[in-house]
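This report concerns only the one structure given below.
Here is how names work: the chains are called A, B, and so on, in the same order as the sequence lines, proteins then strands, and each is numbered from 1. In this text the structure is predicted, and so the values were computed from the model without any measurement.
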There are 2 protein chains.
Amino acid sequence: MARRAKTPAPLVSDLDARKATILEAVVIEHIDTAQPVGSSSVAHHADLGVSPATVRTEMVALEREGYLAQPHTSAGRVPTDKGYRYFVDHLASGVLGPAQQFQVKEFFTHVRGEVEDVLEQTSLLLSQLTRYTSVVVGTGHSRASVLSVQLVNLDARHHLLVTVYSDGTVTKHSVLASFEATHVEVTEASRQLNALLIGTTLDATVQVPSRTDTVAKLVREAVSVLHAEAPTMDGEQVYIGGSSRVAEVFEGVETVRKVLSILEQELLVVSLVEDILEKGVSVAIGSEHGYEPLSSCAVIVAPVSVEGETVGAVGLLGPTRMKYQEVMAAAEAVSQHLTHHFGGEDRG
Amino acid sequence: MARRAKTPAPLVSDLDARKATILEAVVIEHIDTAQPVGSSSVAHHADLGVSPATVRTEMVALEREGYLAQPHTSAGRVPTDKGYRYFVDHLASGVLGPAQQFQVKEFFTHVRGEVEDVLEQTSLLLSQLTRYTSVVVGTGHSRASVLSVQLVNLDARHHLLVTVYSDGTVTKHSVLASFEATHVEVTEASRQLNALLIGTTLDATVQVPSRTDTVAKLVREAVSVLHAEAPTMDGEQVYIGGSSRVAEVFEGVETVRKVLSILEQELLVVSLVEDILEKGVSVAIGSEHGYEPLSSCAVIVAPVSVEGETVGAVGLLGPTRMKYQEVMAAAEAVSQHLTHHFGGEDRG
DNA sequence: GTTAGCACTCGGTAAAATCGAGTGCTAACA
DNA sequence: TGTTAGCACTCGATTTTACCGAGTGCTAAC
């Protein structure tokens, strides 16, 4: 028994075959219809040769164990978060339809451009593919080393510090000096900065010159600006695709508003995705992720890694009654293609 | 008579004083309550010493002339787009509340950072200020000249072309060569690119070397990559703040979805804003802007200019029954502060 | 353990009744 | 001529009532 399985070990459970089938039937139908599911409908669709009455007794049990819930007496049953959890852990498994597979392949053979563009486009792809809102996260250059620094002067006091990192990201920082500097001095400062910083990572401390001439002051200024940003700005990028889906997929203005307002906060989205990744889980249902305003959401994530290192993730956000099979398959497929795209070095 | 006034010349109109007052009352109350407004309510609030009956006859006239509409017989009146138009052109004028004024001032004395960050934060400010969704557009470096180009090699075949423009923007482009290049060659190419491009704008053609050595090939490659992007990528930046407001402010899922899906398309948003600016108008109501899916929206824009040149705009998007006075005042104030912020050179 | 039978619950929908804000019109008035 | 009170009328919104039927839980028979 693995100490930490890919999905958290089921508490007590493992329903017997029939209960599982019934649960599955309820989940599937409810996902499809958004309505409570009744015993007769289950008896009919899941073809265990049993009558509704039997199904009913089983459903009572499933409800007692917390997999199902009744909106009110004399309505059908609806899956709980726990019910969905069992479903995705034990029952769901789907493959991408051929049309979708084709679309994904097409996409990845044709994308070109900068990493950022690819990620952004990918988020659109995902939301088209699944009809849910997608989240693509690129984790930044925290471990990337500096390839090149350059100080460009805009005018005598304003300079722009442009840094290129080994992972291909580029940052810029304004440097406002309290003194004037000539073009030559700026160029020299640039040269020294290169000597100083190339090969280092942002968290490393460097030996700055203590002289008091203009060039040295420029260098110190630049280094401090750069390092000041280091802790906050991890260079995470977030791309959200199909946020308008939120309005289609959730019911109730209030829910829509809540979800949208979460999506607006990029930092929050990043940590949500990272939290889920960290737990080694690929799906977080309802309250599982611990973000209260998203308690009616399910989030599916799949990591994107290059050389064993997780460099990002793709995610999809929908109601708890989302189409897990399809969506998980899509996330899987896209994340793998992305992994390959960034790993398999031979694309622009 | 000016050939093209700041706001399109009123067709026939200019209502007499009493009609105007009545229209104003209807608009104000409807903005407030979202309900059709009846004659008695108008007679009461607008204190022209007249009875509801008289108001009614006037309202009939206003309806005939297209300023008001009746959702159905025996309901109150609702302003039409034309009614709102008259309202904003002739009647509306408001100033920012002191609290808001303070907030704006506070904001602009404390913002720091890159242009992009300032614009993004501004969009948040605007949406907080007005409780509507905001749009901040920065028009790009189409006329900016190149300050510096640098080719950085990631590995033998992958290079990164980093360009700094006179307006402080920085772009990066991957350059994938079909041949290998040494570090020295890349550095030399970098030097030549600088000599070649500094001071030019993207639309200018440059004399590339026709030699066939590695350096020359690199240079040609880089120049072509850079120029290829020029027409599409104008470097426009769009920042949307408070998109969750859409869900609060519009009613009907379908409307919300439509609006959100427009907001997702950055290009579309940019051209919407630019269209309105171009017409020299600051408010576009309902069908005026010609974007059908936004026919229930009003858009308020204010240009941001530096040295007489329009470099961007701030905008706010709400339902046609939005609080024009407040919102226009806010847009005005923020755009002026922004103008000043970018014009008054002494901030980082 | 399963099932048919059955009484019961209760949300959803439809029809009916009611309400009232607001209208348009007319006739009297200044 | 413009204004106003009076009044019948309209019609959406709200409430009431009735009813249907899907679905339940329970029980007794298989």
Side-chain angles (χ1 to χ4, degrees), chain A residues 15-80 83 251-252 321, chain B residues 15-80 83 251-252 321:
Chain A
L15 305 168
D16 64 71
R18 195 167 67 183
K19 283 207 182 63
T21 315
I22 290 175
L23 177 57
E24 184 181 17
V26 172
V27 172
I28 289 177
E29 184 167 341
H30 182 256
I31 285 175
D32 195 44
T33 64
Q35 298 297 322
V37 182
S39 55
S40 66
S41 157
V42 170
H44 186 252
H45 284 96
D47 48 19
L48 8 84
V50 206
S51 80
T54 312
V55 173
R56 237 167 307 168
T57 29
E58 295 287 51
M59 282 168 93
V60 173
L62 282 169
E63 181 169 2
R64 198 175 41 235
E65 294 167 43
Y67 295 95
L68 294 179
Q70 242 179 334
H72 55 84
T73 354
S74 91
R77 256 74 172 201
V78 160
T80 59
E251 42 202 14
R321 51 169 280 271
Chain B
L15 305 169
D16 65 72
R18 194 168 67 186
K19 283 208 182 66
T21 315
I22 291 175
L23 177 56
E24 184 181 16
V26 172
V27 171
I28 289 177
E29 184 167 341
H30 182 256
I31 285 175
D32 195 45
T33 64
Q35 298 296 322
V37 180
S39 56
S40 66
S41 157
V42 170
H44 186 254
H45 283 96
D47 48 18
L48 9 85
V50 207
S51 80
T54 312
V55 173
R56 238 162 335 188
T57 29
E58 295 288 52
M59 283 169 93
V60 173
L62 282 168
E63 181 168 3
R64 198 176 41 233
E65 293 167 44
Y67 294 96
L68 295 178
Q70 244 178 334
H72 55 85
T73 351
S74 92
R77 256 70 172 208
V78 160
T80 59
E251 42 202 12
R321 52 168 279 272

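- B:V42 and B:A25 make their closest contact through CG1-CB, 4.0 Å (heavy atoms, listed as atom of the first residue, atom of the second, distance).
- Here the CZ atom belonging to B:R64 is positioned 9.5 Å from the CG atom belonging to B:L62, to the nearest 0.5 angstrom.
- Going from atom CZ of A:R321 over to atom CD of A:Q35 covers 9.0 Å, rounded to the nearest 0.5 Å.
- Comparing B:S51 and A:S39, the nucleotide of DNA chain D nearest to each residue sits closer to the 5' end for B:S51.
- For A:H30 and D:dA22, the NE2 to P distance is 18 Å, given to the nearest whole Å.
- Shown for residues 71-78 of chain B: residues whose heavy atoms fall under 4.0 angstrom of DNA chain D, namely B:H72, B:T73, B:S74.
- Rounding to the nearest 0.5 angstrom, the gap separating the CD atom in B:E58 from the CZ atom in B:R18 is 4.0 Å.
- Looking only at distances, no side-chain donor or acceptor of A:S39 sits under 3.5 Å from a matching main-chain atom of A:V55.
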Check your understanding: How is the base pairing of DNA chain D summarised as a dot-bracket string, given the Watson-Crick and G-U wobble criteria with both distances under 3.5 Å, [ ] for crossing and | for another strand?
Key -> ||||||||||||||||||||||||||||||

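- Under the 3.5 Å distance criterion, the side-chain polar atoms of B:T80 are matched with a main-chain donor or acceptor of B:G66.
- Mapping heavy-atom proximity under 4.0 Å, the span of DNA chain C touched by chain A runs 5' to 3' from C:dT2 to C:dG11.
- B:H30 contributes no side-chain N or O that, together with a main-chain N or O of B:V26, makes up a donor-acceptor pair within less than 3.5 Å.
- Between the OG1 atom of B:T33 and the CD1 atom of B:I28 there is a distance of 11.5 Å, given to the nearest 0.5 Å.
- Atom CZ of residue A:R56 and atom OG of residue A:S40 lie 8.0 Å apart, to the nearest 0.5 angstrom.
- In this structure, the separation between CG on B:L48 and CD1 on B:I22 is 6.0 Å, given to the nearest 0.5 Å.
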